[in-house]
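Report on the structure given below.
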2 protein chains.
Amino acid sequence: MTKQICRKKLSASQEDYLEAIWMLIWKEGVARVRDIADWLGVSMPSVSGALKALAQRKLVEYSPHKYVSLSDRGMELAEKILARHKMLRKFLTDVLNLDEQLADGNACRIEHAVDEIVSQRLGYFVEFVAQNAGASQLAEEFKGFCRQQDPAKGDGPSGAKENGSLTLAEIKPGQKAKIVSINGSAARSQRLAKAGVRRDCVVRVIRMAPLGDPIEIEVDGSKLAVRKAEAIDIEVEKLE
Amino acid sequence: MTKQICRKKLSASQEDYLEAIWMLIWKEGVARVRDIADWLGVSMPSVSGALKALAQRKLVEYSPHKYVSLSDRGMELAEKILARHKMLRKFLTDVLNLDEQLADGNACRIEHAVDEIVSQRLGYFVEFVAQNAGASQLAEEFKGFCRQQDPAKGDGPSGAKENGSLTLAEIKPGQKAKIVSINGSAARSQRLAKAGVRRDCVVRVIRMAPLGDPIEIEVDGSKLAVRKAEAIDIEVEKLE
DNA sequence: ATTGCTTGGTAGGCATACCTAATAATAGTA
DNA sequence: TACTATTATTAGGTATGCCTACCAAGCAAT
Ligand SMILES: [Mn+2]
Ligand SMILES: [Mn+2]
Ligand SMILES: [Mn+2]
Ligand SMILES: [Mn+2]
């Protein structure tokens with residue numbers, strides 16, 4: 001295998017160097033080692049080292065003691081990561097209504113953790129909230145919702161929705177419930193019935209997997225695991 | 001300074017070890033080096049090393065060749081990070097409508113990048129969307145919005161909101177605009193007026209900083225930087 | 001008890017990403 | 001031009017977090 005440019009994904013730190021260089025070129029016209037170091041809060045030797053690695057990947061044009069510039073590819077990547085930063089920042093400030101500085105710091109960390117598709121989809125969401133007339137009033141409603149949550153601190157009566165219909169997925173471990181109805185496909189109902197899960201019978205939730213799926217229940221003295229997708233189609237009535 | 005337990009924040013990798021141990025204890029009853037290694041996709045020596053570091057911090061109880069268990073503090077941290085993972089996963093699947101597997105992977109990376117407040121606020125948001133009747137229809141609307149975006153690929157007519165009132169912050173670099181009115185404090189209006197930014201005068205946006213702030217404009221042949229906070233209070237009329 | 005597989009640990013190495021201290025180059029100023 | 005302050009590089013060190021290769025303990029079947 002001959003020597004070739006490494007196409008492996010950039011590290012978080014490398015992405016931040018590109019971002020910083022882009023920013024400094026924008027702001028000051030040129031990027032110098034000193035300014036990159038100050039911007040990122042690292043020492044100058046750290047910058048020298050990072051630049052060598054980036055130069056090897058042909059992302060920056062760099063000869064010692066000269067100004068640093070970005071290659072076309074480097075520019076492209078820098079702009080991509082910066083767009084992500086901006087989008088995340090906007091989400092945190094505009095949708096979650098968070099403080100600018102906090103948003104900025106978090107955005108610059110999350111930007112390295114999200115896949116392209118996720119970034120894109122979240123971008124759509126931010127735009128959607130910004131554009132959609134019905135949605136922008138949502139931002140206001142959400143502020144109210146936060147005020148409700150923040151001072152209360154207790155979990156409050158969040159479990160029981162006003163909805164009226166309670167599903168098996170909402171029963172907490174240890175509690176018993178009587179089955180009111182089983183919705184969904186007939187095949188599924190049949191399968192559940194064979195396992196003892198029928199209308200009017202009483203089940204006890206033993207425990208719930210960490211991500212809420214599956215749910216382990218006891219019915220007629222025997223254990224059974226129910227998928228969350230099934231549980232939300234099983235209407236129940238809580239018993240004490 | 002005497003020897004004491006390090007209270008520095010855990011590394012991303014350490015958080016993942018705690019998460020894995022918690023999960024395995026939940027699933028299998030016990031956590032063994034072998035299973036932790038398999039779960040996280042690392043070698044057994046890596047696990048041994050990580051466990052030593054976690055034991056030193058009193059987060060796991062660990063004596064060689066015995067099962068691994070979590071201390072109270074370790075349990076607490078594991079549950080905190082797991083809750084974060086779950087919440088992020090729910091956001092990605094339920095709000096952004098992303099694939100479960102993709103959501104899980106991204107959640108497990110983002111979970112180490114968000115501050116407590118951000119995590120909490122995003123949690124509120126997920127709950128808000130889930131509970132709010134008006135908001136849950138938003139999920140449907142958003143799906144439609146995504147379908148619109150995905151195939152189109154072009155930027156679309158995203159700039160001009162139906163709103164009618166256009167502000168200086170929305171003018172793109174290179175374009176000219178006539179100032180209609182300047183809102184906000186009188187002191188600010190005065191300061192801007194002194195710089196040449198007055199009602200009915202024409203400005204040209206030169207460029208916008210990467211994060212949209214500040215905006216560089218040309219007025220009366222001289223350059224001027226305007227903060228975004230100011231720009232959104234300056235109503236304009238776009239000129240060609 | 002002996003054997004042999006699985007599990008767990010140690011030793012040693014590599015890559016990344018930082019640091020400080022010392023040295024070299026450059027630029028500004030007398 | 002010569003001196004000086006600033007900027008940049010090199011050298012050498014630390015901390016993580018991973019790896020492979022090898023060694024040691026545990027356990028089950030013979
Ligand atoms: Mn960043
Ligand atoms: Mn960033
Ligand atoms: Mn994780
Ligand atoms: Mn996780």
Side-chain angles (χ1 to χ4, degrees), chain A residues 1 3-21 24-25 28-57 59-69 77 81 108-109 111-113, chain B residues 1 3-21 24-25 28-57 59-69 77 81 108-109 111-113:
Chain A
M1 177 161 57
K3 192 161 74 172
Q4 62 170 26
I5 302 148
C6 174
R7 289 239 171 277
K8 216 178 48 178
K9 248 177 57 179
L10 292 176
S11 68
S13 144
Q14 287 179 314
E15 289 183 334
D16 280 340
Y17 279 105
L18 287 186
E19 213 181 358
I21 294 165
L24 285 166
I25 290 175
E28 320 275 359
V30 292
R32 295 183 315 163
V33 172
R34 184 69 229 232
D35 300 324
I36 300 170
D38 287 349
W39 181 274
L40 292 176
V42 298
S43 70
M44 290 202 293
S46 298
V47 177
S48 280
L51 288 177
K52 266 187 226 160
L54 290 171
Q56 213 155 35
R57 290 184 167 217
L59 298 176
V60 303
E61 272 136 39
Y62 167 62
S63 32
H65 296 285
K66 293 247 199 77
Y67 293 134
V68 181
S69 65
L77 290 179
I81 195 72
C108 206
R109 272 172 285 131
E111 70 192 6
H112 315 290
Chain B
M1 177 160 55
K3 192 161 75 173
Q4 60 169 28
I5 302 149
C6 174
R7 289 241 170 276
K8 217 177 49 179
K9 248 178 56 182
L10 292 177
S11 69
S13 144
Q14 287 178 313
E15 289 183 334
D16 280 341
Y17 278 106
L18 288 186
E19 214 181 357
I21 294 165
L24 286 166
I25 290 175
E28 321 275 358
V30 293
R32 294 182 315 163
V33 172
R34 183 69 231 230
D35 299 324
I36 300 171
D38 287 348
W39 181 274
L40 292 176
V42 298
S43 69
M44 290 203 292
S46 298
V47 177
S48 280
L51 288 178
K52 266 188 228 161
L54 291 171
Q56 213 154 35
R57 290 183 167 218
L59 297 176
V60 302
E61 271 135 40
Y62 167 62
S63 31
H65 295 287
K66 292 247 198 78
Y67 293 135
V68 181
S69 66
L77 290 178
I81 195 71
C108 206
R109 272 173 283 132
E111 70 191 4
H112 316 290

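The analysis underlying the following values was restricted to heavy atoms, covering all of them including side chains, and did not include hydrogens, waters or symmetry mates. Sequence lines set the chain letters: A, B, ... in the order given, protein chains first and strands last, and positions in each chain run from 1.
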Separation of D/dG26 P from B/Tyr67 OH (nearest whole Å): 13 Å
From CA spacing to verdict: side chain to side chain contact (heavy atoms under 4.5 Å, CB included), A/Asp16, A/Glu111: CA-CA 10 Å; A/Asp16 280 340; A/Glu111 70 192 6; 3.2 Å; yes
Sugar-phosphate only, base, or nothing, as touched by B/Ser46 at under 4.0 Å among non-hydrogen atoms: base
Touch class at under 4.0 angstrom, heavy-atom based, for B/Lys66 against every strand present: nothing
Touch class at under 4.0 angstrom, heavy-atom based, for A/Tyr17 against every strand present: sugar-phosphate
Positional range of nucleotides in DNA chain C within the contact set of chain B, heavy-atom, under 4.0 Å: C/dT7 to C/dT10
Worked verdict on B/His112 versus B/Ser13 for side chain to side chain contact (heavy atoms under 4.5 Å, CB included): CA-CA 9 Å; B/His112 316 290; B/Ser13 144; over 6 Å; no
Distance in Å, A/Leu54 CG paired with A/Glu15 CD, rounded so as to fall on 0.5 Å steps: 10.5 Å
A/Tyr17: which of A/Val68, A/Leu51, A/Ile36 passes side-chain contact (heavy atoms from CB on, under 4.5 Å): A/Ile36
Whole angstrom value for the distance that separates P of D/dT7 from CG of A/Asp35: 8 Å
Rounded distance (Å) that lies between atom P of D/dG26 and atom CZ of B/Arg32: 15 Å
Given DNA chain C, 5'-ward residue of the pair A/Ser11 and A/Pro45, judged by closest heavy atom: A/Ser11
Phosphate-side-chain proximity, A/Ser48 and D/dT9, N/O vs OP1/OP2 below 4.0 Å: yes
Rounded distance (Å) that lies between atom C1' of D/dA25 and atom NE2 of B/His65: 5 Å
Donor-acceptor contact below 3.5 Å, side chain B/Arg57 vs main chain B/Lys8: yes
Sugar-phosphate only, base, or nothing, as touched by B/Ser43 at under 4.0 Å among non-hydrogen atoms: base
Straight-line distance of B/Tyr62 OH to B/Gln56 CD, nearest 0.5 Å: 12.5 Å
Between D/dT16 (P) and B/Lys9 (NZ): distance, integer Å: 15 Å
B/Glu28 side chain vs B/Ile25 backbone, donor-acceptor pair below 3.5 Å: no
Between D/dT7 (C1') and A/Tyr62 (OH): distance, integer Å: 12 Å
Length of the CZ-P vector between B/Arg57 and D/dA15, whole Å: 14 Å
Separation of atom CD1 in B/Ile36 from atom C1' in D/dC18, rounded to whole Å: 16 Å
